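See below for the structure under consideration.
Reckoned from all heavy atoms, side chains included, excluding hydrogens, waters and symmetry mates. For ligands, and for the atoms within them, numbers begin at 1 and follow the listed sequence. Everything quoted here is computed from the prediction, not taken from an experiment.
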Amino acid sequence: MSLNQLTLIEAFEGLRQGKFTSEELTRDCLKQIKKFDSQVKAFVTVDEAGAISQAKAVDEKIKNGDSLSPLAGIPVAIKDLFCTQGLKTTASSKILADYVPPYDATVVKKLKDNDAVIIGKTNCDEFAMGGSTENSAFFPTKNPWDLERVPGGSSGGSAAAVAADMCLYALGTDTGGSIRQPSSFCNISGLKVSYGRVSRFGVLAMTSSLDTIGPMAKTAQDNALILQYLAGPDVKDATTPSEPVDDYSQAIVQNIQGLKIGLPKEYFIEGMDSEVRQAVLDAAKKFEELGATVVDVSLPHTEFAIAAYYIICPSEVSSNMARYDGIRYGLSERQSGDLLDIYLTSRAKGLGSEVKRRIMIGTYALSAGYYDAYYKKAMQVRTLVKGDFEQTFGEVDVILTPVAPTPAYKLGENINDPLKMYLEDAFTIPASLAGICGLTIPAGLAGGLPVGIQLLAKRFDEKTILRAGHHYQQATNWHKQKPSIK
Ligand code: GLN
């Protein structure tokens with residue numbers, strides 16, 4: 001087994017015991033990238049020199065007997081939506097194709113303060129708008145399980161990089177499913193944190209009231225460890241409350257005897273893949289064997305969530321994208337010298353069609369004549385969806401659902417039908433609207449393709465889903481299944 005196949009916790013222990021060095025671990029990841037990334041295309045940028053020099057610095061610290069964080073010396077990939085000082089950050093968009101940020105996102109700074117080895121920046125849907133990574137302006141990422149299929153999205157590059165052992169873990173963002181769904185498609189464990197649990201400062205905004213930052217890793221246990229170093233209030237992000245941060249690694253140890261798990265009937269819709277349905281039901285059985293109680297619950301407003309999201313998201317997109325005007329950042333088309341022309345040509349050339357579609361929908365939904373009919377209505381629906389969860393979490397600790405109606409689909413299969421793409425998000429969007437947390441973990445294979453399950457808990461109760469996920473993974477081997485690219 002080469003070192004890049006280790007989990008974060010295994011690598012941490014190996015480094016500490018002097019079984020190998022951070023440089024060896026980092027070189028194994030780089031080797032894997034060299035070998036397979038021309039096929040998978042998970043990375044927009046690989047920072048080989050930076051990663052090696054960081055790894056050497058950590059090895060030096062270990063030699064000196066310095067006390068180090070568990071993240072020290074371990075290679076991580078970061079979605080190309082996070083500002084990394086001195087390292088290109090593109091949002092997989094032409095408008096930022098050459099943008100080098102002068103500062104680090106808070107979470108990137110936290111990783112650096114913990115001596116993490118940042119190995120590169122991963123491909124995504126442009127500005128995180130999409131669910132297949134096909135909306136990247138550069139190239140689509142392929143699913144390591146089947147190179148003809150999508151890895152999911154928008155954090156598809158991060159998911160593919162972890163699944164293909166090109167790094168030990170990655171960071172992604174999840175606004176409506178972008179950590180959970182690609183984790184499901186690529187057979188990794190991804191955590192969407194509660195809104196406000198992790199600082200968004202320095203992460204390019206898509207939908208500010210929904211965006212969350214989280215880890216994508218090989219196990220729930222690794223996610224628990226990573227979250228410890230990401231979570232908490234940040235003076236630079238006013239939406240991060242001073243809610244205490246749990247000791248996640250400690251909290252997941254306790255067994256799940258007596259845990260109450262709800263299965264919402266609205267998440268078993270017609271048209272969903274029967275093997276996906278079966279995987280969720282099998283997981284429910286497994287949880288029962290582990291001592292949990294499983295009951296039926298109902299979240300009656302689920303079916304309206306997509307419609308509300310696809311008003312709220314574009315509305316905020318139309319505002320957040322206004323800053324890419326050809327003057328302040330990135331691509332600037334200045335041929336004519338006329339200010340309006342600079343705006344129009346830079347945006348016309350720099351932004352892709354899904355981004356433009358959302359800017360138009362959002363501008364329309366927020367316009368004076370339609371605000372009440374669309375935006376206000378969507379916000380009312382959002383409150384109802386939130387209420388569904390509040391009520392249900394009065395009855396159960398965790399809600400168990402599928403992540404997506406189908407396993408990974410073929411490249412090109414859905415991308416020309418935006419509505420079809422939007423419907424794929426039916427199971428991930430409600431939790432986003434409610435601001436609660438969700439964990440995706442592997443739970444089966446359908447036709448040889450990974451199928452994940454989603455565990456939801458109330459806001460700031462990450463420890464409970466991580467605990468449930470960890471105990472599930474101790475009793476099953478789905479998360480150990482690897483794609484066969486060799
Ligand atoms: N697929 C959803 C969308 O296109 C979610 C994206 C995300 O979470 N960033 O909006």
Original post:
At what distance is the nearest protein heavy atom to atom 4 (O) of ligand 1, and which residue and atom is it?
Top reply: R358 NH2, 2.7 Å

Original post:
Which atoms of ligand 1 sit under 4.0 Å from any heavy atom of S154?
Top reply: 9 (N)

Subject >> Atom indices of ligand 1, in the order listed, that fall short of 4.0 Å to a heavy atom of G177 >> reply: 8 (O)

**OP:** Taking salt bridge (Lys or Arg N to Asp or Glu O under 4.0 Å) as the test, write out the residues that go with R382, two or more places apart.
**Re:** none

Subject >> Location of contacts on Y310 toward ligand 1, heavy atoms closer than 4.0 Å >> reply: side chain

Subject >> Shortest non-hydrogen separation from V44 to S92 and the atoms involved >> reply: CG2-OG, 4.0 Å

Original post:
So, is M129 polar-close to ligand 1, with some N/O to N/O distance under 3.5 Å?
Top reply: no

**OP:** Using the salt bridge (Lys or Arg N to Asp or Glu O under 4.0 Å) rule, collect all pairs that involve residues 222-234, keeping only residues at least two apart or in two chains.
**Re:** none

Original post:
Judged by non-hydrogen atoms, does R180 sit under 4.0 Å from ligand 1?
Top reply: no

Original post:
Any N or O on T175 sitting closer than 3.5 Å to an N or O of ligand 1?
Top reply: yes

Original post:
Of the protein's non-hydrogen atoms, which lies at the shortest distance from atom 2 (C) of ligand 1, and what is that distance?
Top reply: D425 OD2, 3.2 Å

Subject >> Atom of Y169, atom of A217 and distance for their closest heavy-atom approach >> reply: CB-CB, 4.0 Å

**OP:** Can you spot which of D125, I359, N135 makes a side chain to side chain contact (heavy atoms under 4.5 Å, CB included) with E354?
**Re:** N135

**OP:** Assign the ring pair F393 / F389 to parallel, tilted or perpendicular, where the plane angle (0 to 90°) is split at 30° and 60°.
**Re:** parallel

Original post:
Do any nitrogen or oxygen atoms of D174 come within less than 3.5 Å of a nitrogen or oxygen of ligand 1?
Top reply: no

Original post:
Please state which protein non-hydrogen atom is closest to atom 5 (C) of ligand 1 and give its distance, to 0.1 Å?
Top reply: Y309 OH, 3.4 Å

**OP:** Looking only at protein heavy atoms, identify the closest one to atom 9 (N) of ligand 1 and say how far it is in Å.
**Re:** S178 OG, 2.7 Å

Original post:
Does any N or O atom in A128 lie less than 3.5 angstrom from one in ligand 1, N or O only?
Top reply: yes

Subject >> N123-S136 side chain donor-acceptor pair, cut-off 3.5 Å >> reply: yes

Original post:
Backbone or side chain, does any N or O of G176 fall under 3.5 Å from an N or O of ligand 1?
Top reply: yes

Original post:
Side-chain donor-acceptor pair under 3.5 Å between T240 and D237, yes or no?
Top reply: no

Subject >> Shortest non-hydrogen separation from F287 to A468 and the atoms involved >> reply: CE2-O, 3.5 Å

Original post:
For ligand 1, does Q181 get within less than 4.0 Å through its side chain, its backbone, both, or neither, judged by non-hydrogen atoms?
Top reply: neither

